[in-house]
Structures are given as C-alpha cells and as structure tokens.
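Data block below; observations after.
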Amino acid sequence: MTATEDSATEAGDLLRRWNATLLAARAGREGPDPTPYGRDLLGRWAEPQRRYHTTAHLRAVLDRIDELTDQGGGGGELELVRLAAWFHDAVYRPDRSENEERSAALAERALREAGLTEHEVAEVARLVRLTVTHDPAEGDLNGETLCDADLAILATAPDTYRGYAAAVREEYAFVPDDAFREGRAAVLRHLLALPRLFRTPYGAAAWEEQARENLEKELAELEGNPENAKPTELTDMSGTDGANRSEAKP
C-alpha cells in the first residue's frame with residue numbers, strides 16, 4: 001500500500017469515527033449530515049504547517065480516550081470529550097497564541113449548526129479551551145479525560161518521545177534555536193512542576209512515571225546536561241499556563 005493509499009485509509013477511518021461520534025452525541029435528534037463537517041476538520045488537521053499536530057495526533061488522542069474508557073479511567077460525557085478532541089487543535093498556527101480560542105469558536109459555530117444543544121456546544125468549547133493549561137478542576141471528569149489523552153504522548157517510549165519532540169521543533173522552525181530552547185524549557189518546567197500530569201486514576205498509574213522521565217531527560221538536554229538528568233523539584237504552578245508556551249506547545 002502506498003503512502004497516499006495509507007493516508008486515504010486513515011482519513012476514511014477517522015471520518016467514520018467522526019460520524020459515529022456526532023450522531024451519538026445528537027442521541028437521535030435531527031440534524032445535518034455529519035460528513036461535510038468531518039471532512040472540513042480532517043482538512044484542517046492535514047494542513048502543511050503541521051508536523052506533530054496532525055491527523056496522527058488526532059487519532060492518538062481518540063485512541064487514548066478509548067483506552068481510558070476501557071480501563072475504567074475515563075468518565076463524564078464521553079461523546080462530548082471525543083468531539084472536543086476533534087476540535088482541540090483544529091485551528092493551529094505555530095506562530096500564533098490564540099489557537100485554542102479560535103478552535104473553541106470553530107466548535108461553537110459548527111456544533112450548533114450540526115444539531116447539538118447549547119449545553120453540549122458550551123461543554124465542548126470549554127474542554128477545547130482547557131487544553132491551554134491542561135489543568136482540570138478536581139472532579140471535572142470530562143476535562144480529566146481529555147487532558148490525560150492529549151498529554152499521553154509524554155508517556156511514550158523514549159524513541160517515540162524523541163520523534164514527538166523533533167516534530168514539535170519542526171513546527172517551530174521559524175524560531176531561532178536559543179529562543180526555542182528557552183521557550184520549550186519553560187513549558188517542560190511548568191509541566192514538571194504540576195503535582196500530577198495525569199488526573200485520571202488509570203493515567204496516573206500507567207503514564208505518570210514514564211512521562212516525567214521523558215520530560216526530565218529532554219529538559220536536561222535543552223539545558224546542555226544530557227548525562228545528568230535529575231528530577232526537577234516540584235512546586236505548585238497548577239494555576240499557570242507556562243511561560244513562552246507559544247514556542248513549544250505540548
């Protein structure tokens with residue numbers, strides 16, 4: 001199978017998942033055909049400026065939501081969480097800082113038109129905006145599930161993590177090396193300072209340790225000390241969104 005055929009197969013599978021999710025969220029209510037909305041979103045996720053925030057990332061987040069659900073680690077209104085995953089990086093320009101807000105606004109317009117209730121539209125938009133900080137409130141099951149799924153890349157095997165970090169650097173190729181290292185390091189310190197990266201019970205048990213190892217190693221390399229990656233002292237920065245995050249979005 002050629003790369004083009006692989007891409008078409010992936011897009012077809014994702015479109016089927018989108019259609020099923022939107023129809024499930026509507027719960028039998030009348031509404032327009034989901035397919036044009038899904039095709040528009042897939043086109044956005046396939047834009048040429050993307051290297052990490054691609055359809056592969058979208059699929060990974062959807063798969064991690066399913067994993068959390070299967071393991072009893074997810075909760076809340078899962079179809080709305082899945083819709084938020086579709087929209088959370090639908091607008092993505094690495095040189096801009098308002099991507100999440102613009103993505104949330106897109107979700108509000110599209111989902112209202114697509115037949116969701118005002119409560120459902122507002123909840124999806126709230127979840128998209130939550131990915132600015134990845135810091136859901138205690139008991140926010142929808143937020144915990146989406147944020148854990150979005151950050152699960154941090155807990156992958158070292159080779160996969162290095163590929164992720166390299167793809168993020170490619171997205172910010174317009175940023176000089178020194179500025180990128182400074183901005184990326186600030187984001188990594190912010191993440192390491194969170195009391196918990198993962199809020200669901202399953203995410204905390206299965207992903208926390210590996211994620212911190214990966215983050216600490218990357219931070220040490222950015223700081224020019226790859227052979228001495230020591231754990232970062234944790235302080236409570238859970239209310240911040242990270243300095244210079246526009247230069248190194250997770």
Side-chain angles (χ1 to χ4, degrees), residues 1-22 34-68 81-107 110 124 127-132 134 145-175 180 183-184 187-188 191 207 211 214 218 245-250:
M1 184 176 291
T2 67
T4 300
E5 290 170 334
D6 283 342
S7 178
T9 298
E10 178 184 57
D13 178 63
L14 284 168
L15 186 59
R16 285 188 290 274
R17 292 174 76 168
W18 161 262
N19 287 349
T21 297
L22 183 56
T35 299
Y37 298 92
R39 286 177 175 157
D40 177 73
L41 285 166
L42 287 171
R44 292 172 179 275
W45 282 92
E47 290 164 342
Q49 76 274 14
R50 298 169 183 256
R51 294 296 182 272
Y52 169 66
H53 295 90
T54 64
T55 53
H57 172 56
L58 170 61
R59 175 188 288 277
V61 174
L62 294 170
D63 288 347
R64 296 294 77 76
I65 292 170
D66 290 346
E67 182 178 351
L68 286 165
V81 175
R82 292 186 176 102
L83 289 174
W86 274 90
F87 281 97
H88 83 286
D89 284 321
V91 178
Y92 186 68
R93 288 283 302 274
D95 58 339
R96 296 181 181 176
S97 61
E98 73 277 13
N99 291 312
E100 291 87 356
E101 182 57 37
R102 295 175 67 202
S103 295
L106 175 66
V124 172
L127 291 170
V128 172
R129 293 183 174 104
L130 185 59
T131 62
V132 173
H134 294 95
T145 302
L146 178 64
C147 290
D148 277 17
D150 193 26
L151 293 182
I153 182 65
L154 304 180
T156 52
D159 285 349
T160 302
Y161 183 90
R162 281 193 292 272
Y164 144 73
V168 170
R169 181 65 184 105
E170 287 184 47
E171 288 184 335
Y172 292 91
F174 60 91
V175 178
F180 179 83
R184 178 69 177 172
V187 170
L188 298 182
L191 290 171
W207 300 335
N214 287 333
E218 184 188 359
R245 70 175 294 282
S246 64
E247 294 178 1
K249 174 180 169 65

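Residues take their numbers from the sequence shown, with the count starting at 1. It should be emphasised that the depicted structure is a prediction, and the values quoted were computed from it without experimental measurement.
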Only counting residues at least two apart or in another chain, list the ones meeting side-chain contact (heavy atoms from CB on, under 4.5 Å) with Ala104.
-> Ala125, Val128, Arg129
The reported gap from CG in Leu22 to OH in Tyr37 (rounded to nearest 0.5 angstrom) is 8.5 Å
Evaluate the side chain to side chain contact (heavy atoms under 4.5 Å, CB included) criterion for residues Leu14 and Leu41: first the C-alpha distance (whole Å), next the side-chain angles of each, then the deciding distance (0.1 Å), finally the verdict.
-> CA-CA 10 Å; Leu14 284 168; Leu41 285 166; over 6 Å; no
Taking the side chain as every heavy atom from C-beta outward, state whether Asp66 and Arg82 have any pair of such atoms under 4.5 Å apart.
-> yes
Report yes if the side chains of Arg96 and Glu101 come closer than 4.5 Å at any heavy-atom pair, otherwise no.
-> no
Nearest 0.5 Å please: distance from the CG atom of Asp89 over to the NE2 atom of His53.
-> 4.5 Å
So, for Ala85 and Leu62, which heavy atoms are closest and what is the spacing to 0.1 Å?
-> CB-CD2, 3.9 Å
Work out which heavy atom in Asn19 is nearest to a heavy atom in Pro34; give both atom names and the distance.
-> OD1-CB, 3.3 Å
Between Tyr92 and the options Gln49, Glu47, Glu171, the side-chain hydrogen bond (donor to acceptor under 3.5 Å, both in side chains) test singles out Glu171
Heavy-atom side-chain proximity of Leu58 to Arg44 below 4.5 angstrom | no
Between CZ on residue Arg50 and CH2 on residue Trp45, distance to nearest 0.5 Å | 6.0 Å
Rounded to the nearest 0.5 Å, what's the gap from CG on Asn99 to CG on Leu106? Could you check?
-> 12.0 Å
Between Leu42 and Ala11 the two heavy atoms that sit nearest each other are CD1-O, 3.6 Å
Residues that Arg59 engages under salt bridge (charged side-chain N to carboxylate O under 4.0 Å, His left out), provided they are two or more places apart | Glu10, Asp13
Counting distance only, does the side-chain N/O of His57 pair as donor-acceptor with the main-chain N or O of Thr54 below 3.5 Å?
-> no
Salt-bridge test for Arg64 and Asp150: reply yes if a basic N is under 4.0 Å from a carboxylate O, no otherwise.
-> no
Nearest heavy-atom pair of Thr55 and Ala46: which atoms, and what distance?
-> CG2-N, 4.5 Å
Should the pair Phe174 and Tyr172 be assigned to parallel (<30°), tilted (30 to 60°) or perpendicular (>60°) ring geometry?
-> tilted
Does the pair Leu15 and Arg39 meet the rule for a side chain to side chain contact (heavy atoms under 4.5 Å, CB included), with working shown?
-> CA-CA 7 Å; Leu15 186 59; Arg39 286 177 175 157; 4.0 Å; yes
What's the spacing between Ile153 CD1 and Thr156 OG1 if we round to 0.5 Å?
-> 4.0 Å
Write down the atom of Ser103, the atom of Val91, and the distance for their closest heavy-atom approach.
-> OG-N, 3.0 Å
Find the distance between OG1 (Thr160) and CG (Leu154) and round it off to the nearest 0.5 Å.
-> 12.5 Å
Would you call the rings of Trp18 and Trp86 parallel, tilted or perpendicular, where under 30° means parallel and over 60° means perpendicular?
-> perpendicular
Smallest separation among heavy atoms of Leu68 and Ala149, with atom names = CD1-N, 4.2 Å
